[in-house]
Amino acid sequence: MNDTAGLDFIRQIIADDNASGKHDGRVCTRFPPEPNGYLHIGHAKAVCLNFGIALENSGQCFLRFDDTNPLKEEQHFADAIERDVHWLGFDWEDRLTHASDYYQQFYDCAVKLIEAGKAFVDEQTADEIRATRGTLTEPGKNSPYRDRPVADNLDLFKRMRAGEFPDGVYLLRAKIDMASPNMNMRDPAIYRIRHASHQRTGDEWPIYPMYDFAHPISDALEGITHSLCTLEFEDHRPLYDWVLDNLDLPYRPRQIEFSRLNVAYMITSKRKLAELIEQGQVGGWDDPRMPTIAGLRRRGYPPAALRDFCERVGVTKKDHLIEMALLENCVRENLNEHAPRAMAVLNPLKLVLTNYPADQTELMTAANHPNRPELGKRDLPFSGELWIERDDFMEDAPKKFFRLKPGGEVRLRNAYIVRCDEVVKSDSGEVTELRCSYDPDTRSGLPGASRKVKGTIHWVSAPHAISAPVRLYDRLFTIPRPDMDKDGRDFKEFLNPESLQEKTDAQLEPALADAMAGDVFQFERVGYFVVDQEHSQPGAPVFNRVVTLRDSWAKQEKAALQALEK
RNA sequence: UGGGGUGUAGCCAAGUGGUAAGGCAGCGGGUUUUGAUCCCGUCAUUCGCAGGUUCGAAUCCUGCCACCCCAGCCA
């Protein structure tokens with residue numbers, strides 16, 4: 001019986017339960033978001049875990065909206081959550097539920113508890129309750145209403161439900177133990193009066209159950225076998241079990257906690273993200289720099305890469321901080337496989353071929369993917385006037401610089417080898433044009449093409465190029481944990497001023513004009529770029545950089561620079 | 001200083017008394033018309049620390065240390 005080897009601790013528990021027949025071999029999970037905001041990368045881990053486990057075990061997973069607090073919830077959040085879970089690649093089929101579907105059952109359960117003498121109606125104020133709860137080291141005090149007769153409790157609770165009392169004057173509490181070292185067991189609130197219109201049940205209910213009461217019951221009613229949640233609910237488990245122990249429900253779910261996902265240079269606090277939006281630091285919840293699913297989608301991260309990431313980070317109870325490099329590796333790995341190649345120049349520098357016939361145009365053939373011939377080829381117009389990347393030319397180049405330098409040769413990808421004969425500068429000394437000669441025998445595909453030069457650079461034909469806005473995105477913050485500063489500095493002090501850089505004069509190969517929103521390309525030697533879903537028009541794409549290519553040259557240069565500083 | 005958790009490489013993570021998997025990052029090399037991809041190699045004499053048990057300990061015991069969570073009528 002060594003078949004649990006290598007599984008994470010939750011999957012081991014499930015495998016053991018399956019082996020012992022604990023739930024008749026049934027596996028049922030749920031992803032239970034409150035519809036009070038947008039899903040983010042941390043939720044993605046929970047989605048992948050819950051739906052993934054169900055899939056692996058031929059089980060089922062519910063998408064359940066935990067809508068027990070109408071003050072914070074909105075239908076459009078629920079709609080966005082459904083869209084995001086689907087986009088991540090998961091399907092709940094007919095298992096879309098709401099805590100609010102069970103309001104009557106919750107109420108009936110509460111009545112049962114009251115009848116059993118296990119719950120009472122308190123009429124202390126919120127302040128009084130807080131004051132008598134005790135502290136971490138001191139026990140609390142019993143409410144003066146704790147021993148109210150069952151009949152009175154029943155009467156009051158029914159009148160609470162009937163809407164006879166204003167908010168806050170009565171509260172249904174579980175009767176557990178005010179001296180418990182676990183604060184959650186000190187007669188926790190289970191039902192409060194809230195005269196608020198609910199997005200689904202309208203004004204039907206003036207009272208709403210608390211999470212700690214509603215959650216275990218919802219789980220039990222749905223036949224959830226393993227109720228997975230994050231570590232901060234560990235202290236709630238005794239209460240979760242207490243509710244199940246004291247009610248007669250059809251199933252007995254088990255709560256298991258795992259550590260929430262933390263990714264370096266990202267924050268997931270709803271309040272803080274909202275602050276960035278309010279201040280205009282980012283464009284909205286779907287800004288490509290946001291850690292929201294909507295943001296990641298618009299950034300061009302493939303859902304499969306996100307799933308891969310969630311799998312690779314593992315499931316444990318340790319606090320952790322995942323490096324961004326792992327996420328980016330997952331994205332690159334996916335995109336390298338799937339993204340067709342294209343040529344685009346972000347910082348154009350004019351290159352003129354002095355010996356190329358004037359007004360001549362040739363069609364060069366370029367593979368759409370170097371390792372996947374089945375993805376086909378395309379034609380690239382070539383002429384005597386080209387754009388190349390400014391970084392691909394250096395006047396005083398170091399030995400290891402493989403690109404263009406005065407008098408040097410370089411291969412134009414999919415085209416000819418060219419030599420730099422003359423550097424034209426403006427009055428201010430800025431390089432404005434390179435005058436080069438090409439070697440006609442070295443055209444790609446010709447026998448002369450076998451001549452080797454050290455470098456290959458990308459280009460686009462100036463008369464044929466299209467121009468498109470290109471946005472270069474980078475991490476939103478400059479430090480790994482902007483929200484955990486030791487000196488208490490505000491997270492906004494660590495905003496990366498270079499998280500967005502807009503290129504307005506990028507020159508792209510003409511075929512890119514027809515790119516569709518959501519399409520992702522590798523701009524060769526530059527990075528992966530997605531056609532923005534919001535701002536692109538047919539025939540007028542706007543590109544977002546998903547992630548750069550790995551760049552060992554840049555790394556070398558950076559290292560050399562750092563060595564120089566020392 | 002109450003209760004609940006967690007400590008294995010730079011970052012994750014397996015390991016369940018028999019001699020430290022794997023991934024990411026890093027480093028070195030090879031292939032390459034992308035300084036990409038791909039390929040090869042390298043990367044913990046030691047598991048928070050200190051004792052103990054044992055032929056044998058990351059795994060068991062004792063003590064200590066560090067970090068995280070909890071005092072909403074939020075979830």
Side-chain angles (χ1 to χ4, degrees), chain A residues 2 4-8 12 32-34 36 66-69 71-73 122 124-126 129-130 133-140 167-168 170-173 180-186 188-194 208 210-212 214-215 229-238 257 259 264 311-330 332-333 336-337 341 343 366-367 369-371 400-403 410-415 417 442 444 449-450 452-458 480 522-527 548-556:
Chain A
N2 202 22
T4 64
L7 295 178
D8 63 65
Q12 280 183 28
E34 183 185 19
N36 68 343
D66 217 345
D67 54 351
T68 55
N69 185 356
L71 262 27
K72 294 191 169 178
E73 297 150 9
D122 202 351
Q124 294 182 102
T125 64
I129 289 177
R130 189 178 314 119
R133 183 154 25 227
T135 68
L136 296 178
T137 52
E138 298 159 330
D167 290 7
Y170 289 110
L171 178 73
L172 186 68
R173 292 227 256 170
S180 171
N182 181 345
M183 303 294 294
N184 296 299
M185 300 299 268
R186 320 246 260 229
I190 58 177
Y191 253 103
R192 76 283 220 190
I193 301 174
R194 201 90 116 189
Y208 292 92
M210 299 289 290
Y211 162 87
D212 282 314
H215 208 87
C229 63
T230 42
L231 244 32
E232 65 269 28
F233 291 101
E234 247 169 341
D235 289 343
H236 293 243
R237 185 166 9 105
E257 311 85 11
S259 53
E311 216 166 280
R312 290 207 215 183
V313 298
V315 182
T316 67
K317 304 187 72 149
K318 280 183 239 180
D319 290 322
H320 58 220
L321 184 63
I322 309 293
E323 288 179 342
M324 233 186 187
L326 181 64
L327 213 206
E328 294 190 333
N329 171 74
C330 293
R332 288 195 185 105
E333 204 170 287
N336 177 54
E337 174 76 8
R341 312 289 125 127
M343 293 225 275
H369 192 116
N371 311 323
K400 289 292 200 76
F401 187 77
F402 300 156
R403 287 111 94 152
V410 76
R411 148 97 40 203
L412 296 177
R413 180 129 167 98
N414 299 124
I417 291 175
T442 57
S444 293
S450 60
K452 300 291 177 204
V453 287
K454 196 65 186 163
T456 299
I457 64 172
H458 60 282
Q522 184 197 101
F523 291 174
E524 287 191 294
R525 302 209 314 128
V526 180
T548 61
L549 253 34
R550 221 182 244 102
D551 189 346
S552 56
W553 168 245
K555 203 184 293 175
Q556 247 181 72

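These numbers come from the heavy atoms of this one structure, side chains and all, not from hydrogens, waters or symmetry mates. Every chain is numbered from 1 and lettered A, B, ... according to where its sequence line falls, protein lines coming before strand lines.
Heavy atoms of Ser180(A) sit nowhere under 4.0 angstrom from any nucleic acid atom. Using a 4.0 Å heavy-atom cutoff across all strands shown, Asn414(A) reaches at least one base atom of the nucleic acid. The residue Phe233(A) sits close to a base: some heavy atom pair falls under 4.0 Å. Here Arg403(A) lies in heavy-atom contact (under 4.0 Å) with a base. At the heavy-atom level, Phe401(A) lies under 4.0 Å from base atoms of the strands shown. As judged by a 4.0 angstrom heavy-atom cut-off over every strand, Thr548(A) is placed among residues making no nucleic acid contact. Gln12(A) comes within 4.0 angstrom of a base, heavy atoms only. Residue Ala449(A) is classed as a base contact, given a heavy-atom separation below 4.0 Å to a base. Residue-level contact check: Leu171(A) touches the bases, meaning some heavy atom is under 4.0 Å from a base atom. Nucleic acid contact for Arg413(A): base, since at least one base atom lies under 4.0 Å from a heavy atom of the residue. As judged by a 4.0 angstrom heavy-atom cut-off over every strand, Lys452(A) is placed among residues touching the sugar-phosphate backbone only. Residue Ser444(A) is classed as a base contact, given a heavy-atom separation below 4.0 Å to a base. Counting any heavy atom pair closer than 4.0 Å across all strands shown, Leu326(A) reaches sugar-phosphate atoms only and no base atom. Among the heavy atoms of the strands, none lies under 4.0 Å from His458(A).
Taking atom C1' in both rA21(B) and rA13(B), one finds a spacing of 9 Å when rounded to whole Å. Taking atom C1' on both rC74(B) and rG10(B), the two are 38 Å apart, rounded to the nearest angstrom. Atom P of rG5(B) sits at a distance of 23 Å from the matching atom of rU16(B), rounded to the whole Å. The gap from the C1' atom of rC60(B) to that of rC55(B) amounts to 16 Å, rounded to the nearest Å. Distance check on atom C1': rA9(B) versus rA14(B) gives 14 Å, rounded to whole Å. Atom name P, nucleotides rG22(B) and rC65(B): the rounded distance is 37 Å, in whole Å. Taking atom P on both rC40(B) and rG51(B), the two are 43 Å apart, rounded to the nearest angstrom. Using C1' as the reference atom, rU59(B) and rG52(B) are 15 Å apart when rounded to the nearest Å.
Between Asp235(A) and Met183(A) the shortest side-chain heavy-atom distance does not fall below 4.5 Å. Contact of the Pro188(A) side chain with the Met210(A) side chain is not registered, since no non-hydrogen atoms from C-beta on lie closer than 4.5 Å. The side-chain heavy atoms of Arg192(A) and Asn69(A), taken from C-beta on, include a pair separated by under 4.5 Å. For the pair Leu326(A)/Val313(A), a side-chain contact is recorded, criterion being any heavy-atom separation below 4.5 Å from C-beta on.
Nucleotide rG72(B) carries a syn base; the chi torsion (O4'-C1'-N9-C4 or O4'-C1'-N1-C2) is within 90° of 0.
For the OP1/OP2 pair of rC74(B) and a distance below 4.0 Å, the side-chain nitrogens and oxygens of Thr68(A) include no atom meeting the criterion. OP1 or OP2 of rG2(B) has not a single side-chain nitrogen or oxygen of Arg133(A) nearer than 4.0 Å. When the side-chain nitrogen and oxygen atoms of Arg312(A) are compared with OP1 and OP2 of rC11(B), none of them lie within a distance under 4.0 Å. For His320(A), no side-chain nitrogen or oxygen approaches OP1 or OP2 of rC11(B) to under 4.0 Å. Residue Ser259(A) places no side-chain N or O under 4.0 Å from the OP1 or OP2 atom of rU6(B). When the side-chain nitrogen and oxygen atoms of Arg186(A) are compared with OP1 and OP2 of rG3(B), none of them lie within a distance under 4.0 Å. Taking 4.0 angstrom as the limit, Arg194(A) places a side-chain polar atom (N or O) nearer than this to OP1 or OP2 of rC74(B).
With pairs defined as Watson-Crick or G-U wobble and both atom distances under 3.5 Å, the stems of at least three pairs that touch RNA chain B come out as B:2-7 with B:65-70, B:10-12 with B:22-24, B:26-30 with B:38-42, B:48-52 with B:60-64.
In this structure, His458(A) and Glu524(A) approach most closely via the heavy-atom pair ND1-O, 3.7 Å. Nearest heavy atom pair, residue Val410(A) against residue Val453(A), reads C-CG2, 4.0 Å.
Put simply, the side chain of Arg411(A) gets close to the backbone of Thr442(A): a donor and an acceptor are under 3.5 Å apart. Gln124(A) places no side-chain N or O within 3.5 Å of a backbone atom of Ile129(A) that could act as its donor or acceptor partner. Between the side chain of Arg332(A) and the backbone N or O of Thr548(A), at least one donor-acceptor pair lies under 3.5 Å. With hydrogens and angles disregarded, no donor-acceptor distance shorter than 3.5 Å links the side chain of Thr456(A) to the backbone of Arg413(A).
A donor and an acceptor atom never sit less than 3.5 Å apart when one is taken from the side chain of Glu257(A) and the other from the base of rU6(B). A donor N or O paired with an acceptor N or O is found under 3.5 Å between the base of rU34(B) and the side-chain atoms of Gln522(A). Between the side chain of Arg332(A) and the base of rU37(B) there is no donor-acceptor pair of N/O atoms closer than 3.5 Å.
Minimum atom distance to the side chain of Pro370(A) is reached by rU34(B), of the listed rG35(B), rC12(B), rU34(B). Listed nucleotides rA71(B), rC24(B), rU34(B) differ in distance to Arg525(A); the shortest reach to its side chain belongs to rU34(B). Among the nucleotides rC68(B), rC70(B), rA36(B), the one closest to the side chain of Asp235(A) is rC70(B). In the set rG15(B), rU34(B), rA75(B), the nucleotide with an atom closest to the side chain of Glu524(A) is rU34(B). Distance from the side chain of Thr456(A) is smallest for rU34(B) among the nucleotides rU34(B), rG3(B), rC27(B). The nucleotide whose nearest atom lies closest to any side-chain atom of Met183(A) is, among rA71(B), rC24(B), rA75(B), rA71(B). When distances are taken from the side chain of Glu34(A) to each of rG4(B), rA36(B), rA75(B), the shortest belongs to rA75(B). The side chain of Thr137(A) approaches rU1(B) more closely than any other nucleotide in the set rA75(B), rU1(B), rC68(B).
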Would you tabulate the nitrogen or oxygen pairs shorter than 3.5 Å linking the protein to nucleotides 7-10 of chain B?
| unit_1 | atom_1 | unit_2 | atom_2 | d |
| --- | --- | --- | --- | --- |
| rG10(B) | N2 | Glu323(A) | OE1 | 3.1 |

If you restrict it to nitrogen or oxygen atoms, what contacts under 3.5 Å exist between nucleotides 38-40 of chain B and the protein, and what is each distance?
none

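Ring planes of Tyr211(A) and Phe233(A): tilted class, angle from 30 to 60°.
For the pair Gly6(A) and Tyr170(A), nearest-nucleotide mapping onto RNA chain B gives the more 5' position to Gly6(A). Residue Leu412(A) is the one, among Leu412(A) and Pro32(A), whose nearest nucleotide of RNA chain B lies closer to the 5' end (criterion: closest heavy atom).
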